[in-house]
2 protein chains.
Amino acid sequence: MSFTYKYPRPALAVDCVIFGFDHTQETPELQTLCIERNIAPFKGKWALPGGFVQMDETLDAAAARELKEETGIENVYIEQLYTFGAPDRDPRGRTVSVAYVALVNLEKHHLDAGTDAKSAAWFPINKLPILAFDHKLVVKTAIERLRGKVRYQPVGFELLPDEFTLSELQMLYETILERTFDKRNFRKKIDGYGLLIETGGMRRGKPNRAAKLYRFDSKRYKALEKHGFLFEL
Amino acid sequence: MSFTYKYPRPALAVDCVIFGFDHTQETPELQTLCIERNIAPFKGKWALPGGFVQMDETLDAAAARELKEETGIENVYIEQLYTFGAPDRDPRGRTVSVAYVALVNLEKHHLDAGTDAKSAAWFPINKLPILAFDHKLVVKTAIERLRGKVRYQPVGFELLPDEFTLSELQMLYETILERTFDKRNFRKKIDGYGLLIETGGMRRGKPNRAAKLYRFDSKRYKALEKHGFLFEL
DNA sequence: TTAAGTTAGTGTAAAATTAACACGAACAAA
DNA sequence: TTTGTTCGTGTTAATTTTACACTAACTTAA
């Protein structure tokens with residue numbers, strides 16, 4: 001390969017902020033998956049899963065690969081967040097990191113599925129440990145992005161199981177946005193978008209009235225999206 | 001410097017989508033500044049201003065530096081957009097580019113101010129020339145970001161001169177969002193935010209009634225922003 | 001089997017916001 | 001002084017958002 005630009009280059013990494021939500025908890029919290037580093041720098045400290053970009057893969061592919069390698073998670077919603085490039089953010093030398101956000105349902109993604117899972121753990125976003133590098137800033141940026149995004153794009157469903165109840169959906173939004181919604185108004189609004197399909201199933205097992213299960217109609221959303229459809233919560 | 005990661009690294013560049021708006025035109029269009037490349041690859045083709053990131057500068061600094069070097073523009077609004085990393089996007093070899101968006105007022109930023117200005121030109125976003133690399137995609141992404149952002153954050157003012165009329169402001173929003181607003185409703189809404197200050201000056205010179213000049217109260221906006229203030233158009 | 005406890009599911013009315021709409025005032029040029 | 005053009009201003013109807021309470025359905029324990 002002939003490349004005219006031969007000056008020193010920063011190393012290029014990807015890091016993933018993985019948001020997990022457990023709809024089975026009474027008072028669920030938004031959680032983030034962290035990895036305990038077993039090499040220097042920051043050996044023994046918690047950090048976001050991530051690693052270096054290879055020469056022949058896209059950034060998205062690198063993020064998906066690292067996600068799978070370090071946590072066992074794959075086939076989930078993932079999108080680019082922001083690129084962090086402070087010259088001193090990695091003590092080993094100049095490293096620029098393209099951060100990604102992934103959304104998963106906690107029930108589906110048990111940690112024991114991961115290759116390297118012993119050193120991984122979920123932390124509620126309000127009780128994060130001290131993180132390596134500038135990962136605290138990365139998580140903060142990711143939370144802001146999620147809060148902004150969830151209001152005008154129906155990505156919240158990515159945090160729920162395929163089938164969910166309306167109460168679970170409401171709880172999810174209340175958790176992310178740190179506010180409450182009126183139950184009837186919330187249902188009216190969601191109903192108005194026509195994006196949920198009753199599956200016919202019911203959520204049973206708790207000592208109260210069973211709740212109908214729904215799934216998100218992503219086909220219909222994609223069709224509407226093209227014609228300038230606006231989701232807003 | 002001891003750096004444990006010694007594998008091949010992508011080159012790292014920054015590119016700038018500079019949006020310019022000329023409020024003096026009768027039917028203004030949003031424009032983008034392009035540079036005619038004088039080196040291979042894509043020699044003689046139009047491209048976004050940009051260049052490689054140096055080892056000791058932040059990404060923001062690299063974007064600001066390239067902006068100044070290639071266009072003479074400095075001290076303007078600039079923010080990171082997205083990072084493009086398709087393996088084949090640069091024929092010289094793997095190059096990842098962190099794209100930025102800058103907003104300027106066309107009247108203020110004449111091209112002759114730039115060092116290298118002879119090869120730079122503004123193009124209306126609907127009449128862009130064929131662009132080098134994946135810069136068409138970069139511009140498309142930038143337009144989408146601008147359209148989304150302008151509606152819930154008062155960044156539009158960056159495209160106007162310091163003092164502007166309400167009609168100019170309305171025309172700006174109509175141009176960006178490709179829709180019209182009712183004059184009285186638009187003014188009512190803008191007025192409601194209390195973010196404009198009458199400067200006392202008037203825009204004269206046209207054969208019609210003179211218009212009051214305003215400036216954006218960025219101090220007040222910053223103060224309100226902290227307490228969860230919402231701008232929305 | 002029945003009672004107690006808990007969450008699911010549903011409608012209406014008031015308040016707030018948004019949308020529609022027209023004309024006299026002010027200025028420059030002819 | 002007339003003409004052409006943009007500036008600046010309120011009200012009403014329509015729509016959207018908010019506030020609010022009870023019965024239904026299920027499980028568990030008595």
Side-chain angles (χ1 to χ4, degrees), chain A residues 22-28 150-152 160-161 163-175 177-215 228-233, chain B residues 22-28 150-152 160-161 163-175 177-215 228-233:
Chain A
D22 184 354
H23 63 281
T24 63
Q25 290 193 263
E26 340 69 73
T27 47
V150 90
R151 288 194 41 235
Y152 61 90
L160 292 173
E163 302 196 353
F164 50 86
T165 69
L166 291 175
S167 293
E168 286 162 359
L169 184 63
Q170 179 174 347
M171 182 70 84
L172 169 71
Y173 277 100
E174 291 182 338
T175 303
L177 298 174
E178 293 187 313
R179 54 162 291 195
T180 58
F181 290 91
D182 175 84
K183 196 205 283 196
R184 278 172 291 190
N185 294 339
F186 181 84
R187 284 166 186 237
K188 212 183 305 170
K189 177 160 255 175
I190 293 290
D191 193 55
Y193 290 121
L195 292 172
L196 296 190
I197 298 173
E198 277 191 38
T199 67
M202 304 287 275
R203 174 87 70 220
R204 301 175 182 283
K206 277 191 284 182
N208 51 35
R209 180 173 176 174
K212 286 185 187 169
L213 288 169
Y214 296 83
R215 62 183 176 79
F229 169 75
L230 276 193
F231 176 90
E232 191 175 334
L233 211 106
Chain B
D22 185 355
H23 62 284
T24 64
Q25 289 193 262
E26 338 70 72
T27 46
V150 89
R151 287 191 44 235
Y152 60 88
L160 292 172
E163 303 197 352
F164 52 86
T165 70
L166 290 176
S167 293
E168 286 163 358
L169 184 65
Q170 182 176 346
M171 181 70 83
L172 170 72
Y173 277 100
E174 291 183 338
T175 302
L177 298 175
E178 292 185 315
R179 56 162 291 194
T180 58
F181 290 91
D182 175 85
K183 196 206 280 197
R184 280 172 288 192
N185 293 340
F186 181 84
R187 287 169 184 235
K188 212 183 305 171
K189 178 160 253 173
I190 293 291
D191 193 53
Y193 290 122
L195 291 172
L196 296 191
I197 299 173
E198 277 191 39
T199 67
M202 305 285 276
R203 174 90 68 221
R204 300 174 183 284
K206 276 190 285 184
N208 52 37
R209 179 171 175 176
K212 285 185 189 170
L213 289 169
Y214 297 83
R215 61 183 178 78
F229 169 75
L230 276 193
F231 175 90
E232 191 174 334
L233 207 103

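Order of the sequence lines fixes the chain letters, A, B, ..., with proteins taken first and strands second; residue numbering starts at 1 for each chain.
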For a quick check, tell me whether the side chain of [X] and the base of [N] share a donor-acceptor pair closer than 3.5 Å.
X	N	value
A:Arg204	D:dA25	no
B:Arg209	D:dC7	yes
A:Lys212	C:dA8	no
B:Lys188	D:dT11	yes

Inset, instruction - Using a cut-off of strictly less than 4.0 Å, decide whether B:Arg187 has a side-chain nitrogen or oxygen near OP1 or OP2 of D:dG8. - result: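 It does, given that an N or O in the side chain of B:Arg187 lies less than 4.0 Å from OP1 or OP2 of D:dG8.
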
Legend entry - N or O in side chain of A:Ser167 less than 4.0 angstrom from C:dT7 OP1/OP2: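 The answer is no; no side-chain N or O of A:Ser167 sits under 4.0 Å from OP1 or OP2.
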
Inset, instruction - Indicate, with a heavy-atom threshold strictly under 4.0 Å, whether B:Lys183 touches base, sugar-phosphate, or nothing. - result: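 The residue B:Lys183 makes base contact.
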
Inset, instruction - Give one of base, sugar-phosphate or nothing for B:Thr165, where a contact means two heavy atoms less than 4.0 Å apart. - result: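 B:Thr165: no heavy atom of the nucleic acid under 4.0 Å.
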
Between atom [atom1] in [X] and atom [atom2] in [N], what is the gap in whole Å?
X	N	atom1	atom2	result
A:Asp182	C:dT10	CG	P	14 Å
B:Glu26	D:dT5	CD	P	14 Å
A:Asn185	C:dA14	CG	P	16 Å
A:Lys206	C:dG9	NZ	C1'	15 Å
A:Met202	C:dT7	CE	C1'	12 Å
A:Arg203	D:dT27	CZ	P	14 Å
A:Ile190	C:dT10	CD1	P	15 Å
A:Phe186	D:dT16	CZ	P	19 Å

Inset, instruction - With the side chain of A:Arg184 defined as its heavy atoms from C-beta on, choose the nearest nucleotide among D:dG4, C:dT10, D:dC26. - result: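 Output: C:dT10.
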
Inset, instruction - Measure across B:Phe164 and B:Arg215 and return the closest heavy-atom pair with its distance rounded to 0.1 Å. - result: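 Smallest heavy-atom distance, with atoms named: CE2-CA, 4.0 Å.
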
Legend entry - Reference residue B:Tyr214; test side chain to side chain contact (heavy atoms under 4.5 Å, CB included); the match among B:Leu166, B:Ile197, B:Leu195: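 Only one option passes, and that is B:Leu166.
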
Legend entry - Atom CZ of B:Arg151 with >12 non-hydrogen neighbours under 6.0 angstrom: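 Count not over threshold, so no.
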
Inset, instruction - Look at the side chain of A:Glu198 and the backbone N and O of A:Lys212, then say whether any donor-acceptor pair between them is shorter than 3.5 Å. - result: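 No.
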
Legend entry - N/O donor-acceptor pair under 3.5 Å between B:Arg187 side chain and B:Gln170 backbone: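 Answer holds: no.
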
